[in-house]
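Here the structure is a predicted model, which is why all the values come from computation and not from measurement. So you know, we letter chains A, B, ... as the sequences are listed, proteins then strands, and number each from 1.
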Amino acid sequence: MIRRRLPEWFILLLPAIIVIATVVLIPLIFSLYSSFTPYKLTRPSTLWTWIGTANYEKILSDGKFWAAFGRTVLFLTVVLNVELVLGLGIALLMNKVTWGQRTLRTIIMFPMMFSPILVGFQFKFIFNDNIGLVNNVLQSLGYNVALPWLVDGKLAMFSIMFAEVWMSTSIFAILILAGLFAMPRDPLEAAKVDGCTPWQSFRHITLPFLMPFIFIAMTIRSLDVARAYDIVQIMTGGGPARRTELLWTLMSRTGYVDARMGLANAMGYVSILLSIVFTIYFFRKLSAARAELGMAG
Amino acid sequence: MTEVTLSNVVKFYGKHKAVHGINLDIANGEFVVLVGPSGCGKSTTLRMIAGLEDISAGEISIGNRVVNDLPPRERNISMVFQNYALYPHMTVRENLGFSLKIASVSEKDIIIAVDAAAGILGLDQLMDRKPAELSGGQRQRVAMGRAIVRHPDVFLFDEPLSNLDAKLRSQMRVEIKKLHQKVGNTIIYVTHDQVEAMTLADRIVLMQDGHIVQVGTPLELFNEPLNTFVATFIGSPPMNLVDGVVVGTDRINLGDALTVPVPLSARGLVRDGQKIHFGFRADNLMPVGHAVQEEGEKVTLELTVSLTEPLGTETLLFTNVAGTEVQAKMLNPRPVRPGEVLTFDLMLDKCHIFDAASTNALRS
Amino acid sequence: MQMDNNLAHRNRTHRNRKHVLKVLHFTALFITMAIICIPGLWIVLNSFRPTVEIMAKPPVWNPTFTLEHYRAMFGGAGQGGVPVLSYFRNSLIVSVTSTAIAVLIGMSGGYAFARYRFKGKSSYFVGLMLFRAVPGVALSLPLFIVFARVGIIDTHFGLILAYVAMNVPFTIWLTDGFFRQIPKELHEAAEIDGCTRWQAFWKVEFPVAKSGVASAAIFAFLTSWNEFALASQLTRSVGSKTMPVGLLDFTAEFTINWGGMCALAVLMIIPALILTFLVQKHLISGLTFGGVKG
């Protein structure tokens with residue numbers, strides 16, 4: 001008598017599949033559907049009307065949407081690059097340290113462990129134009145300016161970028177540091193003998209080896225990039241007057257404040273696409289970099 | 001003018017003194033081998049010459065210039081590493097040409113130099129491969145090619161053959177010797193293998209525990225070792241050492257009712273009752289009829305063979321002299337059964353005496 | 001002897017340069033660590049300063065110490081009516097439960113990926129990872145609607161369910177990496193010795209992977225503890241709001257009670273700090289195992 005059994009791997013994977021299907025997949029499908037409706041929370045019956053791509057057309061022709069989208073892309077590009085450079089620098093600095101490595105690594109990890117809300121709060125306090133640390137220090141040093149860190153358009157963007165960089169640079173630093181540790185020392189010594197200055201060694205030997213690690217960090221960061229929403233929400237709420245409106249705050253406002261769910265879901269899909277594009281882009285680069293190295297000694 | 005001079009070079013790692021005041025003069029074009037057991041400081045010394053390690057005290061000069069604090073790139077040296085240290089993301093051609101690229105040599109000249117080096121080492125077929133695609137021997141040759149492409153003053157080799165199998169090792173030894181004959185630069189070579197030292201060196205520097213024990217040509221170290229360490233390190237199989245006590249002024253009691261005369265070279269240097277080590281090589285203890293020379297001062301012994309190692313042209317015989325296991329050589333060998341008793345001639349003129357307390361050789 | 005002077009000069013220049021570089025190196029590191037630590041320390045400091053002093057203009061630099069914010073927080077209805085302890089309790093319940101479940105499911109899935117070969121494996125994997133790319137906000141929209149229909153808005157259950165789904169992909173990724181580190185031979189030896197597949201797992205492979213599972217657990221806990229986007233919409237009342245939501249509410253409601261907000265923030269940081277200490281070593285190896293080995 002042969003009993004048909006489901007393959008073991010399937011059984012092991014089943015709980016995960018069920019949970020994700022229920023909580024993520026189905027709502028996402030529902031979201032897709034509702035993005036084709038003029039669904040408003042206040043008028044539930046609108047869920048069953050089909051208006052095709054009207055929502056998408058509306059957002060793609062909306063100046064405010066493009067402003068938010070553009071600001072988001074700008075935000076992400078600046079932030080990822082700054083985090084990369086700073087993270088690389090910090091990793092290089094930490095690499096040379098002989099004692100106290102463990103302490104340094106623990107300290108570096110603090111910002112990663114804070115809730116983005118917490119990070120946003122920290123800097124909301126510090127950048128407060130009245131009693132924030134920054135303005136207080138400036139005042140005590142004699143500069144009698146109360147800089148509107150969270151109000152002026154440019155300054156506010158700077159402030160939220162600063163908060164985001166503060167929070168996530170560590171991820172780059174740690175991953176690149178792991179890469180530096182994994183690197184064989186011999187080629188570096190050979191480079192010294194071959195005539196390289198420290199900068200040349202870095203550029204020709206270290207950096208190529210680090211590329212896979214850099215791209216891993218970029219990929220991981222791309223997955224997480226929407227955490228910036230939390231920061232912006234608590235620091236500026238997307239304002240004032242939408243000066244720091246990013247895609248996500250716009251989405252949240254449209255859905256929960258204006259109750260235009262269909263429209264918000266359409267925006268949601270655009271933001272999902274954005275995340276996925278970033279992630280896939282960096283993942284491709286990661287595989288290419290790995291192949292370049294032959295991934296062997 | 002590319003002599004290398006070390007004056008009282010010392011190296012501390014924290015509190016640990018790894019190199020104790022080394023003094024060494026290396027002449028232009030000389031092939032010098034630093035050899036010794038692990039931890040003797042030979043690699044550390046080489047790396048200090050290269051500039052990869054700081055010098056704790058003393059002075060190193062390359063070609064009349066003091067180079068103590070100069071970084072490697074200003075010392076005009078090149079180095080072949082134990083693990084080859086090839087650049088993994090570059091092709092063989094790029095590996096070879098890298099140092100020239102850094103020195104802003106023109107493209108044309110780089111191609112000429114790289115092709116020349118590749119020709120010398122037989123790398124022409126491999127130019128577009130990456131290190132991951134090469135065998136150990138090929139990688140080693142690329143490492144050497146990278147070193148010669150720059151025409152430096154001094155070549156440094158850090159145990160380059162340790163990671164190769166035995167057959168490849170002997171092949172590469174020949175390559176390196178040919179290279180030296182062709183290119184003629186000063187070479188400083190580090191190894192723990194005394195065969196490499198003997199076959200390659202103009203002069204051998206034998207080190208132990210951070211000190212230089214003896215410096216000399218291979219034959220000097222082989223025939224006139226300064227102490228038991230040199231005697232047993234150089235030469236394969238190692239020199240046999242049997243404990244003994246001097247009796248009178250001209251005889252040595254080895255125990256087991258066996259006495260031998262004191263060798264000529266040591267006459268007058270020993271006193272009655274002195275504890276010594278009596279040393280002779282396997283070549284000096286041979287069965288009658290299967291030996292090199294039959295004439296000369298000798299002692300004849302009847303010994304039981306416990307083990308044999310046939311090597312083809314000769315056989316190593318393990319036997320026992322006065323309670324110590326020793327090795328003997330048999331030329332034109334015939335099969336020998338364990339337990340067989342043979343008559344051996346011990347040629348005395350090639351024997352050595354070492355003071356037991358100081359381990360120093362007693363020789364005039 | 002011109003050349004000698006030149007050479008001596010070059011030797012000295014290099015020595016000096018090395019020394020200067022060391023000083024610069026140390027300074028740069030110090031500044032970096034300072035920038036990292038100062039914001040947190042500032043918050044902690046201000047949670048112990050009376051509101052009067054925080055608001056003082058011109059700014060007062062000599063801090064006086066007071067526990068008034070903490071007293072207000074722990075006593076009675078909390079800071080002016082904000083039930084901090086309830087938030088803490090909610091966060092704790094939701095985080096612990098969702099972590100436990102996520103780890104179990106994740107371990108199971110990670111084992112499947114590490115030990116079995118099956119068709120479409122890589123696409124499952126990629127699919128799983130891509131779900132993590134969905135921004136919390138975007139997901140919160142449909143989840144809100146669906147949960148509202150099902151009636152689990154404003155419940156612990158709803159949030160726990162959402163967090164489990166959120167944590168499972170990463171947990172699978174981490175545990176997959178760790179299980180791959182364990183040689184198959186261990187398991188096979190156990191089976192030869194008489195264990196069933198199940199027993200072999202619990203007696204042999206799990207103990208070895210324990211540290212990996214621990215770091216996955218800590219990571220999942222922190223993700224749940226710190227999460228805001230979903231929590232802000234899926235919770236409505238004190239009965240289920242978590243600390244991040246509470247903090248935002250607080251800042252919106254009591255715009256000048258900075259001391260109180262700082263105290264709340266401190267309460268939120270503490271578990272994070274403790275866990276960071278515990279996991280520092282593991283987290284790095286966890287991230288890099290999964291990352292480097294692919």
Side-chain angles (χ1 to χ4, degrees), chain A residues 7-9 12-13 15-16 19-20 23-24 27-28 30-31 34 90 93 96-97 102 105-111 113-118 121-126 131 133 136 139-140 166 174-175 178 216 223 226 229-230 233-234 248 251-252 255-256 261 264-265 268 271-272 275-276 279, chain C residues 25 28-29 32-33 36-37 39-40 42-43 54-55 58-59 61 105 108-109 111-112 116 118 130-139 141-143 145-146 161-162 164-165 168 172 222 225-226 228-229 233 244 247-248 251 258 261 265 268-269 272-273 275-277 280 283-284 287-288 291:
Chain A
E8 277 189 9
W9 61 264
L12 286 175
L13 219 39
V19 168
I20 294 189
V23 181
V24 183
L28 276 183
F30 176 75
S31 168
S34 79
I90 294 180
L93 285 177
K96 295 257 171 79
V97 170
R102 186 147 184 210
R105 268 190 276 163
T106 315
I107 297 182
I108 282 280
M109 288 181 63
F110 284 157
M113 298 292 136
F114 289 7
S115 166
I117 284 282
L118 202 53
F121 170 70
Q122 271 177 185
F123 287 104
K124 187 182 173 105
F125 187 32
I126 290 181
I131 45 131
L133 180 60
N136 278 355
Q139 256 194 355
S140 301
W166 183 93
I174 287 182
L175 284 174
I216 291 178
L223 291 177
Y229 163 69
D230 303 7
Q233 192 69 356
I234 193 173
W248 307 295
M251 212 158 69
S252 171
Y256 294 115
M261 271 298 177
N265 276 303
S271 77
I272 292 177
S275 282
I276 293 189
T279 309
Chain C
H25 179 220
L29 264 180
T32 310
M33 296 302 143
I36 291 179
C37 296
W42 183 245
I43 299 288
I54 299 178
M55 306 293 295
W61 291 112
I105 298 184
S108 166
Y111 192 75
Y116 296 83
F118 48 88
L130 273 185
F131 276 125
R132 193 143 181 274
V134 175
V137 205
L139 189 58
L141 295 170
L143 264 191
I145 303 173
V146 170
L161 189 58
V164 167
V168 158
I172 290 185
L222 282 174
W225 181 264
N226 290 334
F228 169 76
Q233 302 307 331
L247 186 56
L248 183 66
T251 60
W258 290 105
M261 290 190 252
M268 228 172 107
I269 300 182
L273 286 186
L275 288 177
T276 311
F277 266 117
Q280 176 259 114
L283 201 61
I284 297 177
L287 279 176
T288 51

| said: Using a 4.5 angstrom heavy-atom cutoff, name the option from W225(C), W258(C), Y111(C) with the most pairs to chain A. | reply: W258(C)
| field | Partners passing ring-ring contact (aromatic ring centres under 6.0 Å, His included) against Y256(A) (at least two apart in sequence or in another chain) | value | F144(C)
| For the candidates F123(A), W166(A), W248(A), F125(A), which exhibits the highest count of non-hydrogen atom pairs separated by less than 4.5 Å from chain C? | F125(A)
| field | Greatest number of heavy atom pairs closer than 4.5 Å to chain A - which of V137(C), I105(C), L248(C), L130(C) | value | V137(C)
| Going by heavy atoms in the side chains, are N265(A) and M251(A) under 4.5 Å from each other? | no
| query | Are any of the side-chain heavy atoms of F114(A) and I269(C) separated by less than 4.5 Å? | reply | yes
| task | Identify the two heavy atoms, one from P142(C) and one from L139(C), that lie closest to each other, and give their separation to 0.1 Å. | result | CD-O, 3.0 Å
| said: Could you check whether any side-chain heavy atom of L141(C) comes within less than 4.5 Å of a side-chain heavy atom of S31(A), counting everything from C-beta outward? | reply: no
| note | Note: vs chain A, highest number of non-hydrogen pairs under 4.5 angstrom among V164(C), I172(C), L29(C) is L29(C)
| Contact part of Q139(A) toward chain C, heavy-atom cut-off under 4.5 Å: side chain, backbone, both or neither? | side chain
| request: Count the heavy-atom pairs under 4.5 Å between each of I43(C), V168(C), V146(C) and chain A, then report the option with the highest count. | output: I43(C)
| said: Tell me which of these, G268(A), A264(A), P27(A), A226(A), has more heavy-atom pairs under 4.5 Å with chain C than the rest. | reply: P27(A)
| Residues forming a side chain to side chain contact (heavy atoms under 4.5 Å, CB included) with S115(A), sequence neighbours excluded | I117(A), L118(A), N226(C), P244(C), M268(C)
| task | Against chain A, label I54(C) side chain, backbone, both or neither, depending on which of its atoms sit under 4.5 Å from a heavy atom there. | result | both
| query | Do L13(A) and Y116(C) come within less than 4.5 Å of each other through their side chains, counting heavy atoms only? | reply | no
| note | Ranking N136(A), T279(A), I272(A), V19(A) by heavy-atom pairs under 4.5 Å to chain C gives rank one to N136(A)
| query | Which bit of I90(A) comes within less than 4.5 Å of chain C, counting heavy atoms only: side chain, backbone, both or neither? | reply | side chain
